[in-house]
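Letters A, B, ... mirror the listed sequences (proteins, then strands); counts begin at 1.
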Number of protein chains: 2
Amino acid sequence: MERSSHKVSMAVIRRLPKYYRYLEGLLKKDINRISSKELSRIMGLTASQIRQDLNCFGGFGQQGYGYNVAELHNEIAKILGLNKHYSSVIVGAGNLGQAIANYSNFQRQGFELKGMFDINPKLIGLRIRDVEIHDIDNIEGFVRENDIEIGIIAVPLENAQDIADKLVAGGVKGIWNFAPFDVKVPENVEIEHVHLSESLYTLTYLLNEKDILEKKD
Amino acid sequence: MERSSHKVSMAVIRRLPKYYRYLEGLLKKDINRISSKELSRIMGLTASQIRQDLNCFGGFGQQGYGYNVAELHNEIAKILGLNKHYSSVIVGAGNLGQAIANYSNFQRQGFELKGMFDINPKLIGLRIRDVEIHDIDNIEGFVRENDIEIGIIAVPLENAQDIADKLVAGGVKGIWNFAPFDVKVPENVEIEHVHLSESLYTLTYLLNEKDILEKKD
DNA sequence: TAGATTGTTAATCGATTAACAATC
DNA sequence: TAGATTGTTAATCGATTAACAATC
């Protein structure tokens with residue numbers, strides 16, 4: 001028995017946080033009503049696309065009026081699961097791990113950091129913002145005992161898959177991976193990669209695109 | 001007079017760093033030959049797509065043989081502009097700025113960090129890995145005098161556009177933006193955004209997708 | 001030579017855009 | 001009511017996949 005909920009495409013999903021961010025900006029400016037046309041103008045999309053995207057999840061607008069900003073912001077928050085609380089751990093307490101731990105956007109908004117892990121004995125026992133750094137050997141048990149839902153990987157590429165396996169064994173539901181390696185996880189675990197060098201190399205590509213394409217002729 | 005160099009689509013461009021990364025992995029394993037079929041298997045793409053992608057830039061393979069790993073790796077490095085040197089500055093010397101400064105992948109590979117900038121008097125004058133933190137008021141002059149090509153923005157969203165404007169005024173060619181705001185730059189300046197919370201919210205969406213789509217029915 | 005695999009053209013698929021009736 | 005703007009269907013566009021002749 002098939003549910004009518006046809007999968008939403010990744011292209012749409014990745015635009016949702018963007019809508020959420022722009023709506024937050026409108027809220028801050030005390031704008032309480034917006035049409036798809038006006039939103040398309042400030043976001044650089046088409047009005048048609050915005051309406052199509054939103055209608056994957058429901059009819060949030062009103063003919064002749066547009067969308068209520070606060071309401072739409074709230075609906076998208078729910079779609080993104082931002083009305084829920086998540087407990088998390090960061091594995092790797094180096095520069096990147098510490099930066100994520102301190103990342104203010106991450107601290108608020110219901111993402112509770114329950115623990116950090118590192119292999120370096122000098123770091124173990126220290127605290128970042130009141131969060132203790134544990135020995136990396138204890139990941140699996142800690143994740144299980146504390147019902148950790150999100151595991152954040154900030155270790156070198158060599159160790160990334162091993163850490164992912166341990167997080168999964170402990171029972172995390174999702175992994176936010178900052179290591180430059182596409183760690184594999186079982187189907188029932190969600191994975192989101194942040195490949196910083198890929199982003200940087202995209203920029204350098206664009207800086208050189210003209211020369212590259214001319215040379216090809 | 002139009003050049004035959006038809007623009008390469010962004011979808012293709014964003015796969016290039018991924019090819020580069022996987023080829024690097026093969027190199028490390030001393031594998032010196034690969035077919036599009038085998039590469040498609042380890043990367044999770046189709047062989048057809050790989051051949052299409054590469055042929056946007058040239059015929060790097062050989063019929064009946066496949067691709068020489070070292071050669072293809074090198075060609076893609078050139079396409080991505082990784083054979084060149086770039087001088088850069090980081091604006092914002094908080095946790096994120098410092099993490100980027102210390103990011104090892106960034107330090108090697110020809111990305112020279114020439115200076116950092118912050119508004120906080122306590123940070124100004126300090127050094128991160130031998131790189132001095134300057135007063136944020138001096139950005140434009142510093143960028144111009146030191147021929148900085150890449151400006152990295154790691155400041156709060158409120159200041160991001162102002163910083164971008166100053167970097168552009170100083171003459172940067174590209175901006176790597178970590179602020180949660182789509183800063184606008186002139187057409188001749190390239191921009192690459194890293195929106196960390198959008199990535200995180202994509203993960204939380206996926207954690208809740210089933211519930212969301214069922215509720216809709 | 002026979003087998004393998006590319007480069008490239010053609011077919012398919014999916015995502016974006018356009019259009020418009022429904023309706024606030 | 002008249003005007004505005006949605007939700008949704010149809011048309012278009014672009015990206016991915018399939019197929020195969022060329023060739024190493």
Undergrad: Has B/Thr46 got a side-chain N or O lying under 4.0 Å from the OP1 or OP2 atom of D/dT17?
TA: yes

Undergrad: From CG of B/Leu45 over to P of D/dA18, roughly how many Å is that when rounded to an integer?
TA: 13 Å

Undergrad: Roughly, in whole Å, what's the span from NZ in B/Lys37 to P in D/dT17?
TA: 16 Å

Undergrad: Provide, to the nearest angstrom, the distance between the CG atom belonging to A/Leu39 and the C1' atom belonging to D/dT5.
TA: 14 Å

Undergrad: Please evaluate residues B/Arg144 and B/Glu140 with respect to the criterion salt bridge (Lys or Arg N to Asp or Glu O under 4.0 Å), reporting the C-alpha separation (whole Å), side-chain torsions for both, the decisive distance (0.1 Å), and the verdict.
TA: CA-CA 6 Å; B/Arg144 186 175 298 112; B/Glu140 191 182 329; 2.9 Å; yes

Undergrad: Shortest non-hydrogen contact from B/Lys114 to B/Val131?
TA: C-CG1, 4.1 Å

Undergrad: At under 4.0 Å, does any side-chain N or O of B/Arg15 touch on OP1 or OP2 of D/dA15?
TA: no

Undergrad: Starting from C1' on C/dT5, measure out to CD1 on B/Ile50 and report it in whole angstrom.
TA: 13 Å

Undergrad: Paired with D/dA19: which nucleotide, if any, by Watson-Crick or G-U wobble criteria at under 3.5 Å for both distances?
TA: C/dT8

Undergrad: Is the distance from the ring center of A/Tyr67 to that of A/Phe60 below 6.0 Å?
TA: no

Undergrad: B/Gln62 side chain: which of C/dA19, C/dG7, D/dC24 is closest?
TA: D/dC24

Undergrad: Go through it in stages, so that I can follow the logic: the residues are B/Glu198 and A/Arg21, the test is salt bridge (Lys or Arg N to Asp or Glu O under 4.0 Å), and I'd like the CA-CA distance, side-chain angles, deciding distance and then a yes or no.
TA: CA-CA 9 Å; B/Glu198 292 188 11; A/Arg21 179 158 57 82; 2.7 Å; yes

Undergrad: Is the B/Tyr201 ring parallel, tilted or perpendicular to the A/Tyr20 ring (thresholds 30°, 60°)?
TA: perpendicular

Undergrad: Tell me which nucleotide among C/dT6, D/dT8, C/dA15 gets nearest to the side chain of A/Asn55.
TA: D/dT8

Undergrad: Mind calculating the distance between CG (B/Leu54) and P (C/dT6) to the nearest angstrom?
TA: 10 Å

Undergrad: Taking the nucleotide of DNA chain C with the closest heavy atom to each, which residue, A/Ser48 or A/Gly64, is nearer the 5' end?
TA: A/Ser48

Undergrad: Grab the CD-P distance between A/Gln52 and D/dT9 for me, whole Å please.
TA: 9 Å

Undergrad: Would you mind telling me which of C/dT16, D/dG7, D/dA19 lies closest to the side-chain atoms of B/Arg51?
TA: D/dA19

Undergrad: Select one nucleotide: of D/dT5, C/dT6, C/dA15, the one nearest the side-chain heavy atoms of B/Ser35.
TA: C/dT6

Undergrad: Provide, to the nearest angstrom, the distance between the OH atom belonging to B/Tyr67 and the C1' atom belonging to D/dC24.
TA: 13 Å

Undergrad: So which nucleotide does D/dC24 pair with, by the Watson-Crick or G-U wobble rule with both distances under 3.5 Å?
TA: C/dG3

Undergrad: Would you kindly give the CD-to-C1' distance between B/Gln49 and D/dA19, to the nearest whole Å?
TA: 17 Å

Undergrad: Please tell me which of the listed nucleotides, C/dG7, C/dT23, C/dT16, lies nearest to the side chain of A/Gln63?
TA: C/dT23

